Amino acid sequence: MSSPVSTPVSNFATPILTTNRLTLRPLAPGDAADLYAVFSDPAVVRYWSAEPWTSIACAEEAIASALACYREQSEVRFGIELAATGGLIGTVNLHHMFPKNRRCELGYALASAHWGKGYAVEALGAALDYGFHELRLNRVEADIDPRNAASSAVLERMGFRKEGYMPERWFVHGEMADTINYGLLRRYWDERGGR
Ligand SMILES: CC(C)(COP(=O)(O)OP(=O)(O)OC[C@H]1O[C@@H](n2cnc3c(N)ncnc32)[C@H](O)[C@@H]1OP(=O)(O)O)[C@@H](O)C(=O)NCCC(=O)NCCS
């Protein structure tokens, strides 16, 4: 589905999207325990400039922040639910929205028990399709640690291109860490046939 790029969108609702194995949906207060399990795992935040969560209050704060985004329609923040079990296994966000420039950033994480099963490709595909075709974004950016091979592989699989390199951009668990800047344009996405 294609929308005219000339029509700007300024409200960014978080809908329910379904894929073969996943449901992407707004977070809810009942997700706190599952969300805590994801982000309290040091492996998940290995390449982030943030420590693993140490209290369920961190999850409750993240959910409160997401609920505020839903009220204001300011950012898209999906919980990723495994359709077979109904359990929340991660998140994918379209955030740092610049409506006038039709641009935002992409962020994602899955519980480590669910890595390597193609879930990131499935979830990001649905979120990006929504971003480009319903929200009429023109460009999505991602910023990742060069050592994060899984994240690079996912982005390149989705059609993102390497656009830049910024040395020592983040302080990550006691050391400075570089950034690779990735970008995906709507026309690249459409040329490759979407997800
Ligand atoms: C990055 C992350 C979401 C990938 O999730 P995933 O569900 O395991 O990814 P998928 O199974 O969909 O794999 C996607 C591609 O990456 C490749 N891949 C996955 N893990 C990899 C690894 N460790 N090294 C190299 N390639 C890897 C897969 O082979 C696949 O490529 P293919 O489709 O061409 O075969 C997951 O590792 C994660 O949550 N990491 C911690 C959070 C994080 O780093 N988020 C990004 C921060 S910007």
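The structure displayed is predicted, hence computed values, not measured ones. Indexing begins at 1, ligand by ligand and atom by atom, following the structure's order. One-based numbering along the sequence shown.
Within 4.0 Å of ligand 1, protein heavy atoms belong to V44, W48, Y108, A109, L110, W115, G116, K117, G118, Y119, A120, V121, I144, N148, A149, A150, S151, A153, V154, R157, listed by chain and number.
Summarising the hydrophobic clusters (Ile, Leu, Val, Met, Phe, Trp, Tyr; side-chain heavy atoms under 4.5 Å, direct or chained), the residues clustered with Y47 are none.
Every residue two or more places apart in sequence or in another chain that forms a side-chain contact (heavy atoms from CB on, under 4.5 Å) with A177 is listed here: D145, R147, V172. For A64, there are no side-chain contact (heavy atoms from CB on, under 4.5 Å) partners at least two apart in sequence or on another chain.
Remark: R186 is not positioned above the aromatic ring of F132, lacking an NZ or CZ atom under 6.0 angstrom from the ring centre and at most 45 degrees off the axis.
Partner of Y182 under the side-chain hydrogen bond (donor to acceptor under 3.5 Å, both in side chains) criterion, out of E156, E141, E163: E156 alone. V76 pairs in a side chain to side chain contact (heavy atoms under 4.5 Å, CB included) with only one of the listed residues (L135, N93, L24, V92), which is L135.
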